[in-house]
Amino acid sequence: MEPLTEDTLPQVSPFLDPGNGTKVNSLAILQLSRDNLLPVYLQPPTQGHDGYAEGAVVNTRYGSFPHSTMTNIPWGSQIRASKVDTGSRGRNNKRKRAKGDEAGKEDSTPAITAEEEKPQTNDGEIAAAAVREAVADSSGFIHILPPTPEVWTSSLPHRTQVVYTPDYSYVLHRIRARPGSVLIEAGAGSGSFTHASVRAVYNGYPSSETAPPSQQTKKKGKVYSFEFHEQRFRKMKQELTDHHLDGLVHLTHRDVCEGGFLTDDGASPGADAVFLDLPAPWDALPHLSRRNPKNPADETWVSPLNPNKSVHLCTFSPCIEQVTKTVSAMRRLGWVDIDMVEIANRKYHASRERVGLNLSTDRGVNVSARDVDEALARLTEIETRFKEHAENVARQMSDDEDESMVLDAEEYDQSGIGPREGVKEERRARKQRLLKEAAGLSQNEAAATTATSPSTTPSWMEGRLITRGEPEIKTHTSYLVFAILPREWTEEDEAAAAAKYPVVGPQRVVGVVDKAARKQERREQLQKLSGNRKARRKERDEQLAGAGAAV
């Protein structure tokens, strides 16, 4: 056996092991903004690529980013935009357009030679083979991310409606996709679910002649994907090759409703998990059976399912009419534990609605009474201020009257000419008492005016907690139907299970004994219990009699 080298080992997909940083000829995801992701295959630095002296360049609204600045750096790095020279690019494009003129038209632009394609120096000499070093610009920046099924779902080119992360994460959990599983996918589409399922079942690349014996005997996970649309099939095939997943995904161009789920050579995938994203899944379900549904005695029929395990199935349907037909077909074909689930993801924004009369100076506050107590306290405060104002006016009037007051008979002094001592103070005290009695103020009412004083509750805890939905999570409005197809249990399996797990004592099968025999058996059990009860009672009476005689 030849020793394992880097040439003989399969190249691991960046979706399974991206490494610590970016590499040439590998896939990377450029995050331009929060929801704007761009997949890019990093190319080696080549002089004059597409007319740029810096090599391959990615042009975005945030600036130009040469591939040379994005290779051999850690994942998640921030990349600054660069200043690129587009002079030679514009000249070459102009000459290329001149070449595409109509036939028979005289071309006044001279032909471009290999020497002219290379950038020229000021002296007219051919530049060196090294690419120009990129110079940082101040226009913007981006981040570079490793390829994962999640970011690939958000950045892949849409050929069909894709299965988003909230859906396929739940589906893979319910169909029990785990390392070493064999999964069938019908309806590859844009490849979103394909990449996620490969990561779920991956536990090493398939065995080969150069692999160690320990790895050759170990079962490897694999995905058998089917796509009926030829153009989508070809694009999907190229993507799997570029992502180094063609050794883990067996892609077939076929309509499974007509041709079934076997491989091209008629072999069975031996799947234990199935995902159907089809317009009419009930037409494909007859091919997912243990035996031929039309002729169960047909020994030549090959099932695509694993005969030694129960198979978990999920169908993806956008309307309830499709669900009804699918469930009816499942029941006819022996599927059990049928369950329909609808995933509705929502993002909620929580905030507090601040309401209160004491928050009139704050921005964004509803200036109104938040409850009845605050409204009453506010009315009490207003009434109190009004009464205080009336008292101040009356006090001012009394001071004016004191200067020219008319004395009563008891308010003169002994001479009878002028007021006696303390008359003004007595008048003022009497007026204050009368005003308070008329206003009806008390100490409790005065204390109520403090109800509208600033609260000690923190501002972020004040107000009513409210939430509103934000439909930002990308998902489908669809229905997921789950079902299980149990494995067949033969007499050989029963004998093997009995030998492995022997039953101690008499073996009885429910339903073998008739009703009369069961009644007789129950009667005998009751008589036995009754006899034992009488014997215990008799023994107890003898013990009590013996104890009484001894006394």
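Note on ring orientation: taking the six-membered ring where Trp is involved, the planes of Phe15 and His195 are tilted (angle from 30° to 60°). Ring planes of Phe226 and Phe261: perpendicular class, angle over 60° (limits at 30 and 60°). The aromatic rings of His243 and Tyr41 lie parallel to each other, with less than 30° between the two planes, well short of the 60° mark. Aromatic ring pairs are classed by plane angle as parallel below 30°, tilted from 30° to 60° and perpendicular above 60°; the pair Tyr170 and His173 is tilted.
Enclosure of atom CD in Glu258 is not indicated, since only 12 or fewer non-hydrogen atoms of other residues, nucleotides or ligands lie within 6.0 angstrom. More than 12 non-hydrogen atoms from other residues, nucleotides or ligands lie less than 6.0 angstrom from CZ of Arg487. Residue Gln525 qualifies as enclosed at atom CD: its count of foreign heavy atoms under 6.0 Å is above 12.
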Glu488 and Arg291: salt bridge (charged side-chain N to carboxylate O under 4.0 Å, His left out), yes or no, with the steps? CA-CA 10 Å; Glu488 290 185 342; Arg291 297 181 179 274; 3.2 Å; yes
- Task: Could you go through the salt bridge (charged side-chain N to carboxylate O under 4.0 Å, His left out) check for Lys519 and Glu524 one step at a time?
- Result: CA-CA 9 Å; Lys519 285 186 176 181; Glu524 293 175 357; over 6 Å; no
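Taking the centre of each ring, Tyr62 and Phe141 stay at or above the 6.0 Å mark.
Side-chain atoms of Gln543 and Arg540 include no donor-acceptor pair closer than 3.5 Å. Thr194 and Glu185 form a side-chain donor-acceptor contact under 3.5 Å, judged by distance and modelled atom types alone.
Each of Ile144, Ile29, Leu145 was compared with Trp75 under the side-chain contact (heavy atoms from CB on, under 4.5 Å) criterion, and only Ile144 meets it.
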